[in-house]
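For reference, the structure is listed below as structure tokens.
Chain letters run A, B, ... following the sequence lines, proteins first, then strands; residues in each count from 1.
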Amino acid sequence: MDTKRLVMVAVGGQGNLLASSVLGEAALLSGVPMRMSEIHGMAQRGGVVESALIFGDAYSTIISDGDADVLVGFEPAETLRALGKCNERSVVITNLAPLMPFTVNIGQGVYPDLKKLQELIRAKTARLIAFNATALAREAGNVLSVNMVLLGALTQTGVLPFSVENVKTAMQRKTKAAFLEANIKAFDLGFAAAQAA
Amino acid sequence: MHKLLNDRPGERMLLLGNEAIARGAIEAGVAFTSTYPGTPSSELSLNFFQMSRESDLHFEYCTNEKVALEVSAGAAACGVRSMAVMKHVGLNVAADALMTLAYVGVKGGMVILTADDPAMFSSQNEQDNRYYAKLSGLPMLEPSSVEEAHRIVADAFDISEQLQEPVLMRTTTRINHSSGVIDLGKIRPRRTQGSFAKDPLNLVTVPAVSRKLHVKLLQNIEKARELSEASPLNRLEGDGPWGIICNGVSYNYVKDAVAELGLAGKSRILRIGFTHPLPARKITEFLKGCEKVLVVEEGEPFLEEGVKAFAQEAGLTLPIRGKAPELFSRLYEFDPGMVRRVVGSYFGVAWSARAPVDLSDVPPIPQRPPTLCAGCSHRATYYEVRKAAEELGVETIYPSDIGCYTLGLLPPLSMADYLICMGSSTGTAGGFSKVSGRKVVSFIGDSTFFHSGIPGLINAVFNQHDFTLVILDNGTTAMTGHQPHPGVDMSQLKMEGFGRISIEAVVRALGVPHVTVIKPYKVKKSIDAVKEALQFKGVSVIIAQELCVLYAASLKLPRRKPFHVSEKCQNHRVCMSRLACPAFYVWNDRIKIDATLCTGCALCAQICPENAILPVKDEKK
């Protein structure tokens, strides 16, 4: 099969690693070869968490600049920071709800303008799906389900070879039962948001 | 049941590299395991720890890597399969034991796992531990993937038992922290008890014995070389005049590059997985079939130098390149795109698809460095020490150590001036205080204090140094994921069968003349105590006791009420400019506190000049 490369970036605590593990399970369920890597040593200390997921026949577990087919950003400035992973044919999905880095709070640096940020990404890549995933997570009943909202949007793009059923079954296996209902709702809201984008 | 104890061979599981190695060890019948935690190896030990709680597997969190190596060596000397796990720099700590254990050898299989960290995602250096194999004379195996890491552990144990010496297994971060699908194998029964046969003339390394043992070690290297020659871990793939020799994760990037550049049929790959001793004949044969060769390896030119030496001995003059300004660097980690580019340029094959987007018009993005958590008691201690030094008007130097608290180096705290390795805060402080003419205040964490901080403190008492050591005791090994250490109250974790060593009792027993215990959330009292210590001439120790906030949350201890900024705020922003707690944010030019992040430590409330920061009122009242 074609190799598909997905980069996911988030701020520690946003649930990036759980999203990766759901996609890993979905790959296992659908018999798609999959490797992934993550850098998470400082995840709990407010740093950036980056996962690389590679589906299909490839050996590498990391993704070089320009090699990503899809970039999913859980936080808009982090999406922009990781934009170098993309090429002109890449699809980008981003949450539009900022998490202010403390460096901005203490006056080191300015947070990028969200409108300009979207224009930049849209001009450089094939497709940008940008929406407030945090608001949709809240609507789904669990503000921590931003990861599942974004998985919904990712599944909608059809870039990865998974059906909605595959991903939902994987969610059932990998997320806590108490949160499953909210997570499924979050997934559906994200899926619809990507459809509308 | 722990998922890695699953006894259904043939099942498939998506596992993290560290989990896959732990499973590989269990399948190989490992019975005795030990570690000092260190990223990127930490989850490997964590899984051993968890499994040891529900099986007869023995596991120990040890005071440091040297001790971890020694306890496993003792078990292996009794014929029990043992494994010592550490990060690359941990092997420096264990190196004294390693070098002579190589002489003495083992009875049961012993594997020493070294997890290297190219690019230093969470380490102080990126040393290439393949040289430890050469230095000690021990065999070394290196997997290229998570799947192979799982399988290779059993090979390592078998080779160890065959040669009666420990085997080094080297991984890198991209193995430990990658995931792959593993086919579970059969679990070999664990033999947890062994027997020790006294044999002092081979086991007690006085010079006369060691002279004999070194001869045996050299003979063993030749036996290991034969194993390396025959090993499928050193394998040839493909056929063509262009040769590529590679190891570890570089092999993956080479495989992808060969596919994408269309080099199949033009190139052959020699993948080295049995890194020491190198298979001289196999490499020489490989070179004979090539017009030119590229060596692809992260880190130092370990393979390259070996390959060139073999070529010289065989009188081969073909070009062999690896590390060079226009080819590969010794710095940082490799990536698939970089390897593709270098392989392409070395063999003259163009590749232009998938150019990264142009980022020249992207505005600078504010950095998001990892920072001390909201409510972290280290922030309080740092504030108090700085404040005390300011009020006394003393100029200070702050040697630091390895742990979460190293994050205090960033502004506005700026509380780290010097760091080289685990435990260095206590040793270096002596040098600074003798010659700098400034007040030296060193910081060390509780786990690091046990690991290697104590000898430096003893030295300071003996040599009558003049500095203050602050032991940041947050009750756990926080940085690597809350592993226990000898000072941890294991009853809080509902675990039995552990002792507990009091840091205060140790410090007092060492004869430190001025010892204070502070509760860092009590700001005024703590500043007074710090002032007293700073004014003391000689060695003083301050033990700052407060549980790590993340650890306290995981223990489900009662939470304190969060705080908010009331209308009394005059916007001095002392809280932000001095503390920069991540729970603060700016909204309409005013400081606010995110109640979901605030842990109620009340540090900011105690330093606010207007007393404007107050607990959030209960909504029910």
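Remark: A:E88 CD is loosely packed, at most 12 non-hydrogen atoms of other residues, nucleotides or ligands lying under 6.0 Å away.
Taking the side chain as every heavy atom from C-beta outward, A:F74 and A:V49 never approach each other to under 4.5 Å. When side chains are defined from C-beta on, B:R379 counts as touching B:P582, because their heavy atoms get closer than 4.5 Å.
Per-residue counts of heavy-atom pairs under 4.5 Å with chain B were compared for A:I63, A:N87, A:I62; the largest is that of A:I62. Between chain A and the residues B:V339, B:V586, B:V181, the most heavy-atom pairs under 4.5 angstrom are made by B:V586. Of the listed residues B:P411, B:S179, B:G337, the one with more heavy-atom pairs under 4.5 angstrom with chain A than any other is B:S179. Of the listed residues B:R340, B:R12, B:E333, B:M338, the one with more heavy-atom pairs under 4.5 angstrom with chain A than any other is B:R340. With respect to chain A, the highest number of heavy-atom pairs below 4.5 Å among B:A374, B:P363, B:P369, B:G180 belongs to B:P369. The candidate from A:D65, A:V104, A:L117 with the greatest count of non-hydrogen atom pairs under 4.5 Å with chain B is A:D65. Among the candidates B:I591, B:D358, B:D335, the residue making the largest number of heavy-atom pairs closer than 4.5 Å to chain A is B:D335. Chain B forms the most heavy-atom pairs under 4.5 Å with one residue out of A:S64, A:P112, A:G109, and that residue is A:S64.
Remark: B:R573 fails to qualify as a cation-pi partner of B:F584 under the 6.0 Å distance and 45° angle criteria applied to the six-membered ring.
For A:Y59, the parts sitting under 4.5 Å from any heavy atom of chain B are the backbone and the side chain alike. Both the backbone and the side chain of A:L80 come within less than 4.5 Å of a heavy atom in chain B. Proximity to chain B is absent for every atom of A:I121, based on heavy atoms less than 4.5 angstrom apart. Interface residue A:L83: backbone and side-chain heavy atoms are both found under 4.5 Å from chain B. Both the backbone and the side chain of A:M36 come within contact range of chain B, with heavy atoms under 4.5 Å apart. Looking at A:E119, there are no atoms closer than 4.5 Å to chain B (heavy atoms on both sides), in backbone or side chain. Looking at B:C404, only its side chain comes within 4.5 Å of chain A, counting heavy atoms on both sides. Of the atoms belonging to B:S144, not a single heavy atom falls under 4.5 Å from chain A. Proximity to chain B (any heavy atom under 4.5 Å) is shown, for A:K85, by neither the backbone nor the side chain.
Salt bridge status for A:R81 with A:E78: present, with a side-chain N to carboxylate O gap under 4.0 Å. Remark: B:E260 engages B:R354 in a salt bridge, criterion side-chain N to carboxylate O under 4.0 Å.
Applying the salt bridge (charged side-chain N to carboxylate O under 4.0 Å, His left out) rule to pairs touching residues 122-132 of chain A yields A:K124-B:D361, sequence neighbours excluded. Sorted by first and then second residue, the salt bridge (charged side-chain N to carboxylate O under 4.0 Å, His left out) pairs involving residues 180-192 of chain A (not counting sequence neighbours) are A:K168-A:D188.
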B:E148 and B:R271: CA distance, side-chain angles, deciding distance, salt bridge (charged side-chain N to carboxylate O under 4.0 Å, His left out) verdict: CA-CA 13 Å; B:E148 192 177 28; B:R271 201 300 299 262; 2.7 Å; yes
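Considering CG of B:N176 and OG1 of B:T39, their distance stands at 9.5 Å, rounded to 0.5 Å.
Contact detail for A:Q14 and A:N147: the closest heavy-atom pair is O-CB, 4.0 Å.
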